[in-house]
Every structure is written in C-alpha cells, then in structure tokens.
Amino acid sequence: MLLIVAFLLFPALWTVYLGLTDYQLTGFAAANPQVVGLENYDRALGDDRFSNSLVLTLQFVLGSAVLGQAVLGFAIAWLMRNRVGALRRTVEALVLLAWILPSSVITFLWIALLDRDGGTLNALLNTPGTAWLLEYPMASIIVFNIWKGAAFSMMLYAAALGNVPPSHLETARLAGAGTFQQLRDVVFPRIKGHVLTNLLLISLWTFNDFTPFLLTAGGPENRTEIMPVFIYRIALESGELGFGAAISVLMLLINLVIALVYMRLLRQRKDASA
C-alpha cells in the first residue's frame with residue numbers, strides 16, 4: 001500500500017493539482033504558482049494543437065494497435081499453431097526480439113532502414129532519395145509500432161488458440177468449412193474474451209506510447225505529434241508544467257473511457273455466455 005501511495009496515488013493527485021495552477025518549469029511561476037482553476041482545461045480544449053494531437057493519437061491507436069498488432073499477432077499465432085521445431089522457435093524468437101530490444105536500439109535500426117540516403121528500404125525497393133519519415137511520417141510510426149509490439153498479441157493469441165479443441169476445427173473442415181468459416185464459427189466465439197482483453201491492453205499501451213518521439217520528434221510540422229509527445233513538448237520543452245498536467249489529466253480521462261468501453265463489452269460477453 002505504501003508503494004502504491006508513493007508511486008501511483010501521490011503523483012496522480014499532484015498532477016491533478018498542477019493542472020489547476022499556472023506552474024512553470026522556470027521563472028516567477030516556478031517559485032510562486034497561482035491556482036487558476038479550470039483555465040488550463042479550457043485552454044487545452046480550445047487549442048488546435050491539442051485537437052490535432054488527439055486525432056493523430058486515435059489514428060495511431062487504430063492503425064497500430066487495433067488493425068496492426070492485433071491482426072498481425074493473430075496471423076502469426078494462427079499460422080504457427082500446428083508448427084513444431086526450429087521454424088516455430090525461430091519465428092517466435094524474431095518477433096519477441098523486436099519487443100524486448102530497447103527502444104533506442106530499435107529506433108536506430110529503423111532510422112537506418114528508412115534513411116533517405118543509403119537506407120535499406122530504398123535499396124530494396126529501388127526508390128533512391130525517398131524520405132519516408134518526411135513524406136509518410138504517420139505511416140512510418142504506425143508500421144514501426146506494429147513491428148515492435150506484435151509479439152504480445154502473438155503470445156496471447158497463441159495461448160488462446162491452444163484452448164480451441166482441434167477436433168472442433170477438424171469437424172468443421174470435414175463439413176466443408178473454409179478457413180474463414182472456421183475462424184468465424186469455431187475459433188473467434190471461443191477466444192472472444194482474449195481478443196477484447198488484448199485490444200484493451202494494446203490500445204492503452206499504444207495511446208500512451210512515447211517511443212515514436214525517438215523516430216520523428218513529433219515532426220515534420222507536428223504531423224506525428226501524438227498526445228504523449230505533445231505533453232512532453234508543452235511541459236518540458238516549453239516549461240508549462242501546469243498546462244501539461246491539465247492535458248495529462250484529459251489524457252487519463254480518455255484512457256478511462258477506452259477502458260470502460262472494453263470492460264462493458266467483456267461484461268456483456270460474460271452475461272451472454274451465462
């Protein structure tokens with residue numbers, strides 16, 4: 001309980017308090033912050049950069065987590081479910097390696113991959129001079145995060161598929177069901193809870209992910225300034241800790257809404273199965 005209070009409850013309450021003040025990183029307001037009430041929240045909701053960062057974050061979560069990591073993770077788990085030996089171990093090791101490597105190392109590798117001059121991707125596609133991080137910044141960080149984070153979905157789905165009786169799939173196959181029909185009628189009804197749990201976790205992780213900053217620093221022209229990057233720039237680069245804290249609280253509320261939606265879907269599934 002002491003650890004929870006020290007590292008979770010106190011910082012959360014302190015952030016809420018800072019969001020109600022004009023606290024600055026330096027200057028007079030750093031020594032004598034004044035309570036300004038909801039002024040920071042009103043300012044955030046009317047700020048074009050805030051709305052832009054929220055839209056970009058939702059795009060990032062939808063493309064990277066919901067459509068990217070979840071789909072790729074399931075595809076790998078499905079294709080490897082009946083594999084044994086070196087092939088399965090190699091594929092799983094490569095996917096896990098992307099997940100466990102430090103973010104700074106992964107970022108360096110992707111900068112080398114996407115570099116305009118001498119980048120590996122341009123060499124493979126024969127597209128010399130293409131500046132991927134400048135011309136397709138959002139697509140670049142989405143693909144980057146899919147590659148980095150698909151391992152968790154793969155492991156969760158692999159465990160879930162292990163609970164699907166092979167006899168059910170074999171019966172469906174003998175009855176003439178194709179792969180899509182097997183997934184729709186046999187697999188997904190049994191692993192729906194795992195799917196929702198996975199989507200909840202990866203959506204929240206992706207919503208709060210700061211790693212893309214290492215790749216694009218929020219640029220070019222704020223086109224990848226997702227909310228964690230926006231908060232960093234406001235609070236630490238601009239020194240407006242009070243304003244940054246208010247945006248952090250708004251971000252927390254959005255996370256709670258996302259979590260409540262998934263939890264409601266899980267509860268409805270349990271009620272239906274009961």
Side-chain angles (χ1 to χ4, degrees), residues 8-68 133-142 144-145 199-265:
L8 291 177
L9 183 59
F10 174 74
L13 294 177
W14 182 248
T15 300
V16 172
Y17 165 73
L18 288 182
L20 300 173
T21 70
D22 62 350
Y23 196 77
Q24 299 281 329
L25 189 61
T26 59
F28 177 79
N32 298 283
Q34 302 297 317
V35 175
V36 295
L38 299 179
E39 181 179 317
N40 288 326
Y41 295 94
D42 183 62
R43 176 185 169 190
L45 294 176
D47 192 330
D48 290 338
R49 282 184 65 188
F50 173 79
S51 57
N52 176 68
S53 69
L54 178 57
V55 171
L56 291 176
T57 305
L58 294 176
Q59 292 176 359
F60 183 55
V61 172
L62 179 63
S64 174
V66 178
L67 300 179
L133 293 176
L134 296 178
E135 298 177 28
Y136 311 99
M138 181 54 70
S140 296
I141 66 171
I142 286 176
F144 162 77
N145 203 57
L199 288 175
L200 168 62
L201 293 175
I202 63 177
S203 294
L204 294 178
W205 291 340
T206 304
F207 199 98
N208 298 281
D209 191 6
F210 185 73
T211 307
F213 177 83
L214 302 177
L215 198 63
T216 62
E221 298 178 349
N222 300 332
R223 288 164 63 189
T224 58
E225 192 181 57
I226 56 179
M227 290 197 71
V229 176
F230 178 51
I231 292 172
Y232 168 80
R233 285 181 156 182
I234 291 295
L236 297 181
E237 290 186 355
S238 300
E240 299 181 80
L241 293 179
F243 185 40
I247 300 172
S248 298
V249 174
L250 292 175
M251 186 175 174
L252 172 62
L253 294 177
I254 296 171
N255 277 284
L256 289 176
V257 170
I258 294 174
L260 288 174
V261 169
Y262 281 122
M263 295 299 292
R264 182 175 179 83
L265 292 174

Tell me, do L250 and L45 make a side-chain contact under 4.5 Å, heavy atoms counted? yes
Considering all heavy atoms of both residues, which atom of T21 and which atom of N40 are nearest to each other, and what is their separation? O-ND2, 2.7 Å
Quick check: closest heavy atoms across G19 and A245, and the distance to 0.1 Å? N-CB, 3.6 Å
Measuring from atom CG of L199 to atom CD1 of I258, what distance do you get when rounded to the nearest 0.5 angstrom? 11.5 Å
What are the two closest non-hydrogen atoms of M251 and N208, and how far apart are they? CE-OD1, 3.1 Å
Measure the shortest side-chain to side-chain distance between P137 and T224 over non-hydrogen atoms and say whether it is less than 4.5 angstrom. yes
Working to the nearest 0.5 angstrom, can you tell me the gap between N32 CG and Y23 OH? 10.5 Å
Pairwise distance CD1(I247) to OG1(T15) - rounded to 0.5 angstrom: 12.5 Å
Side chains of V66 and S203, heavy atoms from C-beta outward: is any pair under 4.5 Å? yes
Rounded distance [0.5 Å steps], CZ in F207 versus CG in L54: 6.0 Å
Run through D22, I231, D47 and flag the one making a side chain to side chain contact (heavy atoms under 4.5 Å, CB included) with F243. D47
T206 versus A65, closest heavy-atom pair with distance: OG1-CB, 3.5 Å
If I take atom CG from residue L56 and atom CZ from residue R49, how far apart are they, to the nearest 0.5 angstrom? 11.5 Å
Report yes if the side chains of L200 and L204 come closer than 4.5 Å at any heavy-atom pair, otherwise no. yes
Closest non-hydrogen atom pair between E135 and R223, with its separation: O-NH2, 3.5 Å
Minimum heavy-atom separation for R233 and G219, please, with both atom names. NH2-N, 4.2 Å
Taking atom types as modelled, is there a side-chain donor on N222 or N52 under 3.5 Å from an acceptor on the other? no
With under 30° as parallel and over 60° as perpendicular, where do the rings of W14 and Y17 fit, or are they tilted in between? tilted
Please check if the number of heavy atoms outside F144 that lie under 6.0 Å from its CZ is greater than 12. yes
Roughly how far apart are M227 CE and I234 CD1, rounded to 0.5 Å? 11.0 Å
Side-chain touch T216/S140, heavy atoms, less than 4.5 angstrom: no
Student check: side-chain heavy atoms of V55 and L58 closer than 4.5 Å: no
Is the closest side-chain heavy-atom distance between Y41 and L20 below 4.5 Å? yes
For the residue pair F230 and F50, categorise the inter-ring angle as parallel (less than 30°), tilted (30 to 60°) or perpendicular (more than 60°). tilted
